[in-house]
Number of protein chains: 2
Amino acid sequence: MRLSTKGRYAVTAMMDLAVHQDTGPVTLADISRCQGISLSYLEQLFAKLRRQGLVKGVRGPGGGYRLAKPPRDISVADIILAVDEKVDTTLCEGQENCQGGKRCLTHELWNNLSQQIYDYLAQINLEEFLSRPSVREVIERQGEGGQHRHEHEVRRFTLA
Amino acid sequence: MRLSTKGRYAVTAMMDLAVHQDTGPVTLADISRCQGISLSYLEQLFAKLRRQGLVKGVRGPGGGYRLAKPPRDISVADIILAVDEKVDTTLCEGQENCQGGKRCLTHELWNNLSQQIYDYLAQINLEEFLSRPSVREVIERQGEGGQHRHEHEVRRFTLA
DNA sequence: CTTATAGTTGACTGATTTGCTCAGGATTAG
DNA sequence: CTAATCCTGAGCAAATCAGTCAACTATAAG
């Protein structure tokens, strides 16, 4: 599992679809404008999301993209795996120059940790995430006034 | 925060140091041999880990690297942040063509999620991780097996 | 003191990934 | 029809990844 800006783009875009689920399809042009990503790049990302069965495209005027499944059935891990190719594992493969087998355990330790991170992200689905109080607060704050927020809040931990 | 093979290398290497904490410093050459990473690449990674105060170098024969702090004070998030540069945030900057401000909330949603992932990784420190039953099992299973030693360890043993 | 070990640093390089442009299709609402 | 929108593919510049090479410094061992 890899976590980069690519995955972030995909996740934020999917959140966008989830939030506007009842207000019709969302066009890539809108997402592009709002998130500052190029349209063609978004098209590539959505091609993957579509191939993984996470979104459905609606063609023609008034079209756009919508979620292919209820938000409950889409996890953050699903989204990230859809756009980020899996990474090779480059094991040491138990080479005999590994000293007494005592050191190569780190691979297993990583596997252990890696699985945990995956499980954590797999357990967060869009519905659950959007229904959290802290998240709802953000959504409602945006909904009420037309004021543009999101000044440069210190974004120390951009998972990207 | 980014999660890639680079971060994985760093984390597994740090686990290595933590496991062999009482058996003296671990050389990059050993880690290189066992994990199949090039020595020079490891040197670059450890230069960053060192600058962040996570490891200390011990020069001269019998030297190597050791943890600069007790394993309890080193989190997985620390390690990953040390080697992975932070990424630009590419905000939408509150452009007025964001439709009623209603769509740009996805940035904040991402921040929310991002913070959670960070918190999750920040709460896993090396000591706690290595003491987990499932992890200890891996370590002990490796420890008992084929014990053919290398000249290195023989030499280090006679020193002590 | 001399030497071998091992960290430290920096310049450089090829491969891959990222993010993007351009150029065209295909599909459908009005 | 026409315009909006998805869809597809080729191609490309920049960044990052992963590694090589080459020198240097500090230190323990003999």
Side-chain angles (χ1 to χ4, degrees), chain A residues 2-10 12-13 17 24-33 35-52 54-66 68 80 83-90 158 160, chain B residues 2-10 12-13 17 24-33 35-52 54-68 80 83-90 150-160:
Chain A
R2 183 170 13 183
L3 209 44
S4 62
T5 52
K6 198 171 181 176
R8 189 187 74 193
Y9 287 157
T12 50
L17 297 201
V26 179
T27 72
L28 292 190
D30 285 346
I31 298 178
S32 164
R33 224 175 290 127
Q35 302 204 19
I37 319 169
S38 87
L39 181 59
S40 302
Y41 194 41
L42 272 176
E43 281 167 348
Q44 288 174 29
L45 296 185
F46 271 78
K48 294 186 179 183
L49 293 173
R50 191 171 162 277
R51 265 179 248 127
Q52 293 299 316
L54 296 180
V55 300
K56 267 191 301 194
V58 180
R59 292 183 167 190
Y65 278 98
R66 58 175 51 179
I80 291 173
V83 297
D84 276 326
E85 328 290 342
K86 270 179 223 51
V87 191
D88 48 6
T89 46
T90 40
T158 36
Chain B
R2 181 170 12 183
L3 207 43
S4 62
T5 52
K6 198 172 181 176
R8 189 187 73 193
Y9 287 158
T12 50
L17 298 200
V26 179
T27 72
L28 293 191
D30 286 345
I31 298 178
S32 164
R33 223 176 291 125
Q35 303 205 18
I37 318 169
S38 89
L39 180 58
S40 302
Y41 194 40
L42 272 176
E43 281 167 349
Q44 288 174 30
L45 296 184
F46 271 78
K48 293 186 179 183
L49 293 174
R50 190 171 163 279
R51 264 178 248 125
Q52 294 299 315
L54 297 180
V55 299
K56 266 191 301 193
V58 180
R59 292 183 167 191
Y65 277 100
R66 58 175 51 180
L67 299 181
I80 291 174
V83 297
D84 276 327
E85 328 288 344
K86 272 181 221 47
V87 191
D88 50 359
T89 48
T90 40
H150 209 265
E151 300 93 48
H152 265 275
E153 281 188 299
V154 172
R155 193 174 56 72
R156 210 180 283 147
F157 191 76
T158 49
L159 292 183

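Chain identifiers are assigned alphabetically (A, B, ...) following the order of the sequence lines, protein sequences preceding nucleic acid strands; residue numbering begins at 1 within each chain.
- Counting to the nearest Å, the P atom of D:dT5 and the CZ atom of A:R66 are 14 Å from each other.
- Atom-to-atom, NZ of A:K48 to C1' of C:dG19 comes out at 12 Å; the value is rounded to the nearest Å.
- For D:dC7, one of the phosphate oxygens OP1 or OP2 lies less than 4.0 angstrom from a side-chain nitrogen or oxygen of A:R50.
- Computed from coordinates, the A:L42 CG to D:dT8 P distance equals 15 Å when rounded to whole Å.
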Can you give the donor-acceptor pairs under 3.5 Å from side chains of residues 40-48 of chain B to other protein atoms, not counting sequence neighbours?
| unit_1 | atom_1 | unit_2 | atom_2 | d |
| --- | --- | --- | --- | --- |
| B:K48 | NZ | B:V83 | O | 3.3 |
| B:K48 | NZ | B:E85 | OE2 | 2.4 |

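- Here the side chain of B:Y65 is nearest to one of D:dA18, D:dT20, C:dG7, namely C:dG7.
- Heavy atoms of A:L39 sit nowhere under 4.0 angstrom from any nucleic acid atom.
- Under the rule for a side-chain contact (heavy atoms from CB on, under 4.5 Å), the partners of B:R66 that lie at least two apart in sequence or sit in another chain are B:P25, B:K56, B:V58.
- Among the atoms of the strands shown, none is found under 4.0 Å from any heavy atom of A:F46.
- Taking only side-chain nitrogens and oxygens, B:T27 never comes nearer than 4.0 Å to OP1 or OP2 of C:dG7.
- Scanning for side chain to side chain donor-acceptor pair (under 3.5 Å) contacts around A:K6 gives an empty result, with sequence neighbours left out.
- The nearest whole Å value for the distance from the CD atom in A:Q44 to the P atom in D:dC12 is 15 Å.
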Protein-nucleotides 13-17 of chain D N/O pairs closer than 3.5 Å?
| unit_1 | atom_1 | unit_2 | atom_2 | d |
| --- | --- | --- | --- | --- |
| D:dC17 | OP2 | B:K6 | NZ | 2.9 |

>> One character per nucleotide, please: for nucleotides 24-30 of chain C, 5' to 3', B when the base has a protein heavy atom closer than 4.0 Å, S when only the sugar-phosphate does, - otherwise.
In response: --BBBB-
